[in-house]
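Reviewing the structure listed below.
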Amino acid sequence: MAAADIDLFGSDDKVDVEKEEYAAKRAKKPGVIAKSSVILKPWDDETNLEESEKNVRSIEQDGLVWGGGKPIPLAYGIKNRCLQQDLDYFLCFVDIIVAINCSL
């Protein structure tokens, strides 16, 4: 047996097949989805957070899904509002959401 006949690292064909299988499996999965929170902070104790939440939830884009919301006690009866959102980074950008929120 000659030294050239010994295959120390295995066949490259098997590696190529594994790479193709992995790429095909990866292509079936959805894009990167990030879960994040939006916190609505009131200006004072008379700010209507329900109306603010309704305005924020009116934002619709591909890749943006709004989840639940809950009040978070702050102080002296004032509450923040925490909204959950799921973003698909390939379809929706956080900068656009922030810009829209600032314009409301």
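- Connectivity analysis of hydrophobic side chains (ILVMFWY, heavy atoms under 4.5 Å, direct or indirect) links Ile78 to Leu74.
- Not counting sequence neighbours, the partners of Gln84 by the side-chain hydrogen bond (donor to acceptor under 3.5 Å, both in side chains) test are Ser37.
- Interatomic distance, CG of Leu40 versus CG of Asn48, reported as 11.0 Å (0.5 Å rounding).
- Applying the salt bridge (Lys or Arg N to Asp or Glu O under 4.0 Å) rule to pairs touching residues 48-58 yields Glu53-Arg57, Glu53-Arg81, sequence neighbours excluded.
- Put simply, the side chain of Val56 reaches to within 4.5 Å of the side chain of Trp66, judged on heavy atoms.
- Nearest heavy atoms, Ile59 versus Leu64: O-CD2, 3.9 Å.
- When hydrophobic residues (I, L, V, M, F, W, Y) are linked wherever their side-chain heavy atoms come within less than 4.5 Å, Tyr76 remains an isolated member.
- Nearest heavy-atom pair across Ile72 and Cys82 is CD1-CB, 3.4 Å.
- Side-chain contact check for Pro71 versus Leu49: every heavy-atom pair is 4.5 Å or farther apart.
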